Amino acid sequence: IIVTIAIVVQLLMVCARHHFKRVLRRFTIPAIVIILFVLYQPMSQIIFDLFTCYPDRIPDRTTGIYVLKSDYTVPCFEFTAIMVNLAMILVYVVGIPAVGFWMVHRNKYRLSDHTCRVKYG
């Protein structure tokens with residue numbers, strides 16, 4: 001959803017006049033920061049819930065295999081399932097705070113500036 005919104009906004013910026021682009025850019029970045037802040041915790045919880053494993057409970061059979069809560073057909077300790085979950089953790093759970101820290105560090109001398117505070121929240 002966020003990527004789609006960003007693409008639409010960027011297309012509008014390309015098609016719009018110079019003044020409208022500046023105003024739109026001024027409001028787009030704070031909106032994206034707020035959306036990411038609001039969605040961060042629930043999305044992180046969903047990503048970590050993907051690691052939840054349950055014993056395979058097929059009637060009349062005890063296999064001793066653990067399966068993922070999100071997909072009962074995938075064994076819990078399968079390599080692809082682990083790699084996909086780790087990639088999601090790196091991109092979303094670690095990546096968003098890392099980008100936020102990088103943006104603050106990049107603008108550390110302008111943080112007291114009013115336009116910087118309005119732009120990044």
Side-chain angles (χ1 to χ4, degrees):
I1 294 173
I2 296 169
V3 174
T4 306
I5 292 171
I7 290 171
V8 169
V9 168
Q10 291 298 324
L11 288 174
L12 287 173
M13 291 174 67
V14 169
C15 298
R17 292 180 291 141
H18 179 68
H19 177 69
F20 182 68
K21 285 194 306 188
R22 188 174 32 189
V23 170
L24 192 59
R25 183 176 291 156
R26 195 173 93 203
F27 292 112
T28 302
I29 293 174
I32 291 172
V33 168
I34 290 170
I35 289 170
L36 287 176
F37 178 74
V38 169
L39 293 179
Y40 180 75
Q41 192 276 331
M43 289 298 292
S44 297
Q45 183 66 41
I46 290 169
I47 289 170
F48 282 116
D49 280 344
L50 292 176
F51 277 114
T52 306
C53 297
Y54 288 116
D56 191 10
R57 300 208 188 266
I58 297 175
D60 300 329
R61 188 176 85 179
T62 55
T63 59
I65 296 174
Y66 284 81
V67 292
L68 292 175
K69 176 184 175 184
S70 58
D71 186 1
Y72 291 119
T73 62
V74 178
C76 193
F77 303 109
E78 187 177 85
F79 181 74
T80 55
I82 292 172
M83 288 288 101
V84 168
N85 288 340
L86 287 177
M88 290 171 40
I89 287 174
L90 284 176
V91 168
Y92 197 81
V93 177
V94 175
I96 288 180
V99 169
F101 176 76
W102 174 74
M103 290 176 74
V104 168
H105 183 68
R106 187 181 70 175
N107 295 306
K108 65 183 172 186
Y109 298 113
R110 299 183 340 174
L111 290 177
S112 61
D113 186 24
H114 176 69
T115 57
C116 186
R117 274 193 257 154
V118 169
K119 186 175 184 180
Y120 296 113

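Just so you know, these numbers use all the heavy atoms, side chains as well, and skip hydrogens, waters and symmetry mates. Quick caveat, the model's predicted, so the values are computed rather than measured.
- The hydrophobic cluster containing I96 does not contain I34, counting ILVMFWY residues as joined when their side-chain heavy atoms lie under 4.5 angstrom apart, directly or transitively.
- The CZ atom of F79 sits 4.5 Å away from the CE atom of M83 when rounded to the nearest 0.5 Å.
- Side-chain N or O atoms of Y40 include none that pairs as donor or acceptor with a backbone N or O of I35 at under 3.5 Å.
- One hydrophobic cluster holds both M43 and V84 under the rule that ILVMFWY side chains link at heavy-atom gaps under 4.5 Å.
- The hydrophobic clustering, which links ILVMFWY residues whose side-chain heavy atoms are closer than 4.5 Å, places V91 and M103 apart.
- In this structure, I47 is not a member of the same hydrophobic cluster as L90, with clusters built from ILVMFWY side-chain heavy atoms closer than 4.5 Å.
- Between F48 and I89 the shortest heavy-atom distance is CE2-CD1, 3.6 Å.
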